[in-house]
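The model shown is predicted, which means the values in this text are computed figures rather than measured ones. All residue numbers in this chain count up from 1 along the given sequence.
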Amino acid sequence: MSRRDKMISRIKELMYEPEFIRNIGIVAHIDHGKTTLSDNLLAGAGMLSEDLAGDARSLDFDEQEAARGITIDAASVSMVHKFSGDDYLINLIDTPGHVDFGGDVTRAMRAVDGAVVVVCAVEGIMPQTETVFRQALKENVRPVLFINKVDRLINELKLKPEELQNRFLKIIAESNKLIKNMAPKDKRDQWKVDVTDGSVAFGSAYHNWAINIPIMQKSGINFKDIIDFCNEERQKELAQKVPITDVLLGMVVEHLPSPLESQAYRVPTIWDGDIESEEGQVMIKTESDGPLAVMVTNVSVDKHAGEIATGRVYGGTIEKGSEVFLVGSHAKARTQQVGVFFGAERVNTDKVPAGNIVAITGARGAVAGETICDVDRKIKEFEGIEHISEPVVTVAVEAKSTKDLPKLIEVLRQVAKEDPTIRIEINEETGEHLVSGMGELHLEIITYRIKDKGVDITTSEPIVVYRETVSGTAGPVEGKSPNKHNRFYIEVEPVEPSIYDAIIEGTIKEGRVKGKESANTFIEHGLEKEQARKVWDVYGRSLFINATRGIQYLDEVRELLLEGFESALDSGPIANEKVLGLKFKLVDAKLHEDAVHRGPAQVLPSIRKAIFGAIMLAQPTLLEPIQKVFINTPQDYMGNATREVQNRRGQIVNMDQENDMSTIESKVPVAEMFGFAGDIRSATEGRCLWSTENAGFEKLPQELQKQIIREIRQRKGLNPEPFSADYYLG
């Protein structure tokens, strides 16, 4: 039996022993060495030639990943590692570092229990490092720290032992600060990374060695020896003495939780069903006998097998050929195959029990965030996966040949299923389709994938996505129904900043509000007590509050009112863009006593008119998407780099200096960022590192409002000027 077959056989056995399973993600800022590290872990496990490790990028399956040298999709692999005499099953997910693909990190964090956070020793904690920490900790995923590229500090920067130590201490302190701020309150102290207990490792993924304090004590190798090995170019020898696989996977086994440990505290935060029920207890205890509960975290397409749904089995066992129920889609499906990932291939098994990451073929219709359960034992859905960023750049996509139109629609739906962070609007009448993504690179990759699926397309220049809000207050305004028998009186004002932030952070959930239990959450975040008890809906980071008393028949039209409210917020009156951050109060209503005269055709237009009229009276304002831009450049080029930012309506937020390097932190409108990559390269003669992070929406400068509104409206085929309030309220 070959080593590969032996490992597959052992994986199938260990799947049933959750105490010996570790589900982990490798996360980091772009180019900090995640995929190189994953390669070397695979090599150590015997799944890849050691000579190829680091260059093979074996978890970058997509040819675009290979061509661009970056990770685009999260990739999974299962392997066996021996630690202290026992075999452990390590299910590893390598995630992207580029901000445009952050959605993959968020989804991967729902599947794993622990994360290896990789930080470049030269660059330190970078913006995206902070983001991936936030994504992991928000999902109750425990981190350990690997400080990579230590050889560069020694060989290139020529740091002395004391300087090395200071650099490491700074990275560890910053990591612990993030953990303290973001980890669950009861886990903050326990989850802090610590050099002394071995939850921090140092090394070089490229040269295949790593070390931590327990290994130093065991091997007798200290930092002075490491400096000597690096200076004498004996890193291959060092890799023989302290191989990265043993050190890192040893750290994973010792410090990151098994499903048995983690599901006890993770399930209550991601599933709000009855924990005391049989399903709840099966998940809490990671039992393979009992009701099935699978959370789908990703959907990909295999040219031969079709759709592959990747998910975490939280309870029960998923079997090949069994009928399952998709809770979100309210549909049944039959699994054709189930198995685990083994690098670029899948190993099919008859069953996959609780505590494992599963690959399912045949669950047609499943999307990321779907809950899969038994047909006869339907369970409550898992909490939706909340992506930190939202699409801010759009391209119009058209099929070059009209005969390809039906295929293009099918391909767009497929692409949206594979990547839930993109937003697709299909207009079957005009043949023009809008694809919105996180940035230029994201849209380039999506365009490539559409063409790769056999549809020849043309794309427009990228268009920036704006949002609508108000700067003032208005109301009450009266919205009349077409038959004039129903009237709604609405007031509008900007929502409190504390409420807005709480909605972004997820402590206030979007959706229709049921029952009184949410009132306390609203009060905690600064909403008046009287209003907090009367919130009917949270949508588009906006609130709909019923501030009326004793209006007859109001409960009967409640759902219609909220439907009208939500559809109004989906395309506002200024430029048909989404509306954001407002508080609408229904202060009075007059309803016809006959139900026939207060149906959808009467209620929906009247509430929309009231909302649009109120917005147009309350200083309507466009918001534009903003990105934080971080530039690391030699001091000589600092002036050129800051000029490049300021020429794009950018603001310098902070500037730091270390040795001869300058770090510039700035905020730049997304609309001004097109072509930035080439321009900043020219301005610094290619000697800068830069990265971006989405920073939400801010008010578009007053002097640009009219011009941009006109441009958007003309592009959408609307009247150049928005309608006045009288148009809606007359």
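Between atom CD of residue E163 and atom CG of residue L153 there is a gap of 10.0 Å, rounded to the nearest 0.5 Å. Note that CD1 of I125 and CD1 of I147 are 8.0 Å apart. Values are rounded to the nearest 0.5 Å. Distance check, rounded to the nearest 0.5 Å: CD of Q707 to CD1 of I712 gives 10.5 Å. Note that CD1 of I631 and CD1 of I664 are 5.0 Å apart. Values are rounded to the nearest 0.5 Å. Of the inter-residue distances, the one linking N654 atom CG with D656 atom CG reads 5.0 Å to the nearest 0.5 angstrom. Between the OG atom of S175 and the NZ atom of K180 there is a distance of 14.5 Å, given to the nearest 0.5 Å.
The backbone N or O of V579 sits nowhere less than 3.5 Å from a side-chain atom of R467 that would complete a donor-acceptor pair. Looking at S682, its side chain does come within 3.5 Å of a backbone N or O of G678 through a donor-acceptor pair. With hydrogens and angles ignored, the 3.5 Å screen pairs a side-chain donor or acceptor of E468 with a backbone N or O of I574. A side-chain donor-acceptor contact under 3.5 Å links R167 to the backbone of A121. N148 places no side-chain N or O within donor-acceptor distance of the main-chain N or O of V119, the cut-off being under 3.5 Å. With hydrogens and angles disregarded, a donor-acceptor distance shorter than 3.5 Å links the side chain of T621 to the backbone of Q619. For N176 (side chain) and V193 (main-chain N/O), a donor-acceptor pair under 3.5 Å exists by modelled atom type. Under a 3.5 Å cut-off, the side chain of K628 and the backbone N or O of V668 do not form any donor-acceptor pair.
Annotation: side chain of S204 is in contact with side chain of Q235 (closest heavy-atom distance under 4.5 Å). Side chains of V117 and I26 form no contact here, defined as non-hydrogen atoms less than 4.5 Å apart. Using a 4.5 Å cut-off on side-chain heavy atoms (C-beta onward), F202 and V150 make contact. Under the 4.5 Å side-chain criterion, counting only non-hydrogen atoms from C-beta, F146 is in contact with L248. S542 is not listed as a side-chain neighbour of L580, based on a closest heavy-atom distance of 4.5 Å or more. No side-chain heavy atom of Q651 sits less than 4.5 Å from a side-chain heavy atom of S666. Looking only at side-chain heavy atoms (C-beta outward), K451 and I457 come within less than 4.5 Å of each other. Using a 4.5 Å heavy-atom cutoff, the side chains of L408 and I450 are in contact.
Checked for salt-bridge contact, E711 and R715 miss the test: no charged N lies under 4.0 Å from a carboxylate O. A salt bridge links R649 with E624; the closest basic N to acidic carboxylate O contact falls under 4.0 Å. A salt bridge links R710 with E721: the closest approach of a Lys/Arg side-chain nitrogen to an acidic carboxylate oxygen falls below 4.0 angstrom.
Side-chain N/O atoms of Y206 and D151 include no donor and acceptor closer than 3.5 Å. Residues E685 and Y637 bring a donor and an acceptor atom of their side chains to less than 3.5 Å of each other.
Judged as a salt bridge (Lys or Arg N to Asp or Glu O under 4.0 Å), and not counting sequence neighbours, K706 has no contacts. Under the salt bridge (Lys or Arg N to Asp or Glu O under 4.0 Å) criterion, K716 pairs with E577, sequence neighbours left out. Contacts of E703 classified as salt bridge (Lys or Arg N to Asp or Glu O under 4.0 Å), with partners at least two apart in sequence or in another chain: none. Evaluation of the side chain to side chain donor-acceptor pair (under 3.5 Å) rule for R713 yields no partner, not counting sequence neighbours. Here T684 pairs with nothing under the side chain to side chain donor-acceptor pair (under 3.5 Å) rule; sequence neighbours left out. E698 meets the salt bridge (Lys or Arg N to Asp or Glu O under 4.0 Å) test with K667; sequence neighbours excluded.
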Does the side-chain contact (heavy atoms from CB on, under 4.5 Å) test come out yes or no for L704 and I708, once each step is laid out?
CA-CA 6 Å; L704 294 175; I708 299 290; 4.2 Å; yes

List the steps and the verdict of side-chain contact (heavy atoms from CB on, under 4.5 Å) for Q627 and V670.
CA-CA 6 Å; Q627 282 185 329; V670 170; 3.6 Å; yes

I'd like to know whether W209 forms a side-chain contact (heavy atoms from CB on, under 4.5 Å) with I244, so could you lay out the CA-CA distance, the side-chain angles of the two residues, the decisive distance to 0.1 Å, and finally the verdict.
CA-CA 4 Å; W209 62 267; I244 196 165; 5.7 Å; no

Begin from the C-alpha positions of L569 and K578 and carry the test side-chain contact (heavy atoms from CB on, under 4.5 Å) through to its verdict.
CA-CA 6 Å; L569 265 55; K578 289 180 184 292; over 6 Å; no

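For E510 against R541, the heavy-atom pair with the smallest separation is OE2-N, 2.9 Å. A pairwise comparison of heavy atoms in G124 and T129 identifies O-OG1, 4.5 Å as the closest pair. A pairwise comparison of heavy atoms in V464 and P625 identifies CG1-CG, 3.4 Å as the closest pair.
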